[in-house]
Every structure is written in C-alpha cells, then in structure tokens.
Amino acid sequence: MTAHAALPAPGARLKKLLRKHDDHGGAPRLSPLWTFVAWLATLAFFTPVAWMVLTSFHQEADAATNPPTPFAALTTDQYQLLFNRDITPFLLNSAMASVISTLLVLALAIPTAYALSIKPVEKWTDVMFFFLSTKFLPAIAALLPLYMIVKEAGMLDNVWTLIVLYTAMNLPIAIWMMRSFLAEIPKEILEAAEVDGAGLLTVLWRIVAPVAMPGLAATSLICFIFSWNEFMFAVNLTATQASTAPVFLVGFITNEGLFLARLCAAATLVSLPVLIAGFAAQDKLVRGLSLGAVK
C-alpha cells in the first residue's frame with residue numbers, strides 16, 4: 001500500500017471531529033430532593049400563568065370578585081370580544097417587527113462574533129466593550145432624540161422604524177452571546193475544514209452554524225422575546241398603523257376601570273407565539289444557555 005493510499009479521504013477527519021463534538025455523553029441524574037425542589041419552583045412560576053389563562057375564560061363579574069372564584073362558569077366571550085376589536089393587526093405588526101429584526105440581528109451578529117472569537121481582530125476586547133457600552137444609556141434617555149429623528153425622516157407610525165430600533169437594541173446582546181458560543185467550538189474542526197479547502201462562507205454555513213446551533217437558537221429566541229415584549233418605543237413612535245401587541249394590552253386599562261378577564265385573554269393570546277417558539281426550541285435552548293458551563 002502506498003503512502004498516498006493511506007491518507008484519509010478529503011473531509012474524513014472533519015466528519016470524525018464533528019461526530020466527536022456532538023457526542024456529549026449521558027446527562028447527570030438529579031437526586032430525588034433536588035427533583036422535588038425543581039418541581040416546586042416550576043409550579044411556583046407556572047401558577048400565575050395558569051391563573052391568567054383560567055381568568056381569561058371567566059366573565060368580568062366573576063374575575064373581579066374578592067376572594068376570586070376559580071370555579072366560576074367558563075366562557076369564550078372574552079376571546080370573541082378581542083377578535084371583534086381586531087387584535088390581528090397588532091399581532092401581525094409584532095410578528096413582523098420581531099421576526100425581521102431577529103433575522104437581521106443574526107445576520108450581523110454571527111460574522112461579528114466569528115471575527116471576535118474564532119479569528120480575533122486586534123484589540124477585540126475593546127470592540128466587545130464598545131458594543132456593551134451601547135447598553136449603558138437608559139432607553140428613555142434616547143427617546144426624545146429618536147422621536148425627533150424619526151419625525152424628521154417621516155417614519156413615525158411605521159413598522160420599519162421598530163425593526164431598525166429592535167435590531168440596534170438586540171445586536172450587542174446577540175454579539176456577546178454568539179461570541180461566547182463560538183469560542184467553545186474546537187479549533188481542530190476549523191483547522192480540518194481549512195485543510196480540506198473550505199472558504200470563509202463554507203466554514204460559516206457548513207461548519208460553524210451547525211455546531212453552534214444550540215447557541216444560535218438561544219440567541220434568536222432571546223432577541224425575539226425582547227422585540228416581542230418591547231413597549232416604550234412602540235407606544236411612543238406608533239399610533240394606528242404600526243402599533244404592536246403590548247400597546248394593544250394597555251387599551252384595557254382605562255379610566256372606567258380594569259377589564260381583568262379581557263386583559264387576561266389578550267395577554268394569553270400575546271404570550272402564545274413566545275411560548276410556542278420556546279417549546280419548539282427547548283432542547284436547543286437548554287443546550288445553548290448551558291454551553292460552556294461545564295468543561
């Protein structure tokens with residue numbers, strides 16, 4: 001057998017390293033005591049949510065009683081009133097602003113984090129501090145200048161204004177998170193890819209993205225939640241055409257009183273997209289948030 005025949009096929013070493021990186025072994029088991037504590041904590045966090053959902057199926061008279069009446073008759077009248085009030089445009093505006101801004105954040109954060117972790121630029125710590133420093137200013141302090149700029153640009157009550165602001169708001173967080181995730185990628189995988197002749201785009205798309213998928217899922221979900229729940233910019237820079245779901249919720253707090261059952265129904269509807277996204281990505285979310293915690 002010749003020396004040339006003994007060499008591994010192109011990409012074989014890379015595939016072996018990827019399989020080795022994906023093999024994390026079995027997860028440690030918790031003791032019964034800690035399992036019980038975990039269930040108690042879960043129930044404590046879930047009880048207010050369950051109460052909100054239950055209240056949304058009550059009439060206003062039953063929801064306002066003191067003490068509460070959890071066994072009152074159930075009804076879907078509050079949800080029918082919500083759709084009669086046309087909540088759909090508010091949900092669509094929130095979805096458009098959150099999804100597009102999250103995609104833009106990922107498109108900008110991944111190459112930046114790659115340059116700051118795997119191929120670090122000169123004085124990368126100063127660059128990271130610069131990104132973090134953009135979060136030092138309270139958002140309320142920037143509201144008036146932003147309002148004047150948006151007004152002069154003719155972009156008030158425009159969903160694209162929220163998209164730009166949400167992208168700028170979440171980009172520093174995404175860069176910091178993705179940088180920590182990408183720093184955990186074994187350098188041997190990237191070296192094997194370069195030996196096999198992979199270019200930068202190929203490395204990002206075929207190597208970095210699949211390996212860092214848990215971190216990518218965690219980052220994207222957090223950015224989506226922050227955008228979906230943002231209220232201050234939405235209530236001050238929109239009016240009728242681009243108002244989001246959190247702005248819609250405030251409409252139930254009026255001088256006439258608090259429509260508790262209807263507010264709970266609206267809050268349940270607004271919470272569903274985030275809950276669905278979190279449930280769909282729960283395995284990658286847990287792996288992503290715990291990535292690098294144990295060496």
(request) Please check if atom OH in Y79 has more than 12 non-hydrogen atoms from other residues, nucleotides or ligands closer than 6.0 Å. (result) yes
(request) Evaluate the side-chain proximity of W51 to P70: yes if any heavy-atom separation is below 4.5 Å, no if none is. (result) yes
(message) Do I100 and I225 sit in one hydrophobic cluster, given that two such residues count as connected whenever their side-chain heavy atoms are within less than 4.5 Å of each other, even indirectly?
(response) no
(request) Supply the atom-to-atom distance F130 CZ to T125 OG1, rounded to the nearest 0.5 angstrom. (result) 14.0 Å
(message) Using 0.5 Å steps for rounding, measure from the CD1 atom of I140 to the CG atom of N236.
(response) 6.5 Å
(message) So does T244 get a backbone contact from the side chain of N93, meaning a donor-acceptor N/O pair under 3.5 Å?
(response) no
(message) Suppose we screen for side chain to side chain contact (heavy atoms under 4.5 Å, CB included). Which residues come up paired with F224, at least two apart in sequence or across chains?
(response) S98, V99, T102, W228, V274
(message) Please tell me whether V164 and L237 are part of a single hydrophobic cluster in this structure, the criterion being side-chain heavy atoms less than 4.5 Å apart.
(response) no
(request) Please examine the side chains of L156 and Y147, heavy atoms only from C-beta on, and report whether any two atoms are closer than 4.5 Å. (result) yes
(request) With rounding to the nearest 0.5 Å, note down the distance linking CD1 in I173 to CG in L132. (result) 9.5 Å
(message) Quick check: do S94 and P246 have side-chain heavy atoms less than 4.5 Å from each other?
(response) yes
(request) Test side chain to side chain contact (heavy atoms under 4.5 Å, CB included) on F259 and L81 and set out the steps. (result) CA-CA 12 Å; F259 296 93; L81 290 172; over 6 Å; no
(message) Looking at every heavy atom in both C223 and N170, which two are closest together, and how far apart are they?
(response) O-ND2, 3.3 Å
(message) Counting C-beta onward and ignoring hydrogens, is there a side-chain heavy-atom pair between L106 and T219 closer than 4.5 Å?
(response) yes
(request) Look at atom NZ of K135 and say whether more than 12 heavy atoms of other residues, nucleotides or ligands are closer to it than 6.0 Å. (result) yes
(message) Nearest 0.5 Å, please: how far is CZ in F248 from CG in L269?
(response) 8.5 Å
(message) Could you tell me if the side chain of I163 sits less than 4.5 Å from the side chain of W160, heavy atoms only?
(response) yes
(request) Identify, with sequence neighbours excluded, every residue that meets side chain to side chain contact (heavy atoms under 4.5 Å, CB included) alongside T42. (result) none
(request) Using the rule that two of Ile, Leu, Val, Met, Phe, Trp, Tyr join whenever any of their side-chain heavy atoms come within less than 4.5 Å, decide whether I87 and L249 are in one cluster. (result) yes
(request) Side-chain contact test, heavy atoms from C-beta onward, threshold under 4.5 Å: evaluate it for H58 versus L74 and give yes or no. (result) yes
(message) Tell me if a side-chain donor or acceptor on E60 pairs with a main-chain N or O of A64 at a distance below 3.5 Å.
(response) no
(request) Determine the minimum heavy-atom distance between A277 and L221, stating which atoms define it. (result) CB-CD1, 3.8 Å
(message) Starting from V235 and following side-chain heavy-atom contacts under 4.5 Å between hydrophobic residues (I, L, V, M, F, W, Y), which residues can be reached?
(response) F231, V247, V250
(message) Checking L182 against L116 for the side chain to side chain contact (heavy atoms under 4.5 Å, CB included) test, could you report, in this order, the C-alpha distance in whole Å, the side-chain angles of both residues, the deciding distance, and whether it holds?
(response) CA-CA 9 Å; L182 296 184; L116 293 171; over 6 Å; no
(message) Within the structure provided, determine whether F57 and V53 are in side-chain contact (heavy-atom separation under 4.5 Å).
(response) yes
(message) So which atom in A113 and which in R179 form the shortest heavy-atom distance, rounded to 0.1 Å?
(response) CB-N, 3.5 Å
(message) Quick one, N158 and Q241 - any side-chain contact, counting heavy atoms below 4.5 Å?
(response) no
(message) Distance check, rounded to the nearest 0.5 Å: S227 atom OG versus F233 atom CZ?
(response) 11.5 Å
(message) Restricting to non-hydrogen atoms, name the atom on T55 and the atom on A63 that form the minimum distance, rounded to 0.1 Å.
(response) CG2-CB, 3.7 Å
(message) Check whether T69 reaches the backbone of D62 with its side chain - one donor and one acceptor, N or O, closer than 3.5 Å.
(response) yes
(message) Applying a strict under-4.5 Å side-chain criterion to I, L, V, M, F, W and Y, I'd like to know whether M155 and M232 cluster together.
(response) yes
(request) Could you check whether the rings of F136 and F129 sit parallel, tilted or perpendicular, using 30° and 60° as the cut-offs? (result) perpendicular
(request) Can you measure from CG (L143) to CG (L165) and round to the nearest 0.5 angstrom? (result) 10.0 Å
(request) Determine, using the 4.5 Å side-chain heavy-atom cutoff (strictly less than), whether F90 and V159 are members of one ILVMFWY cluster. (result) no
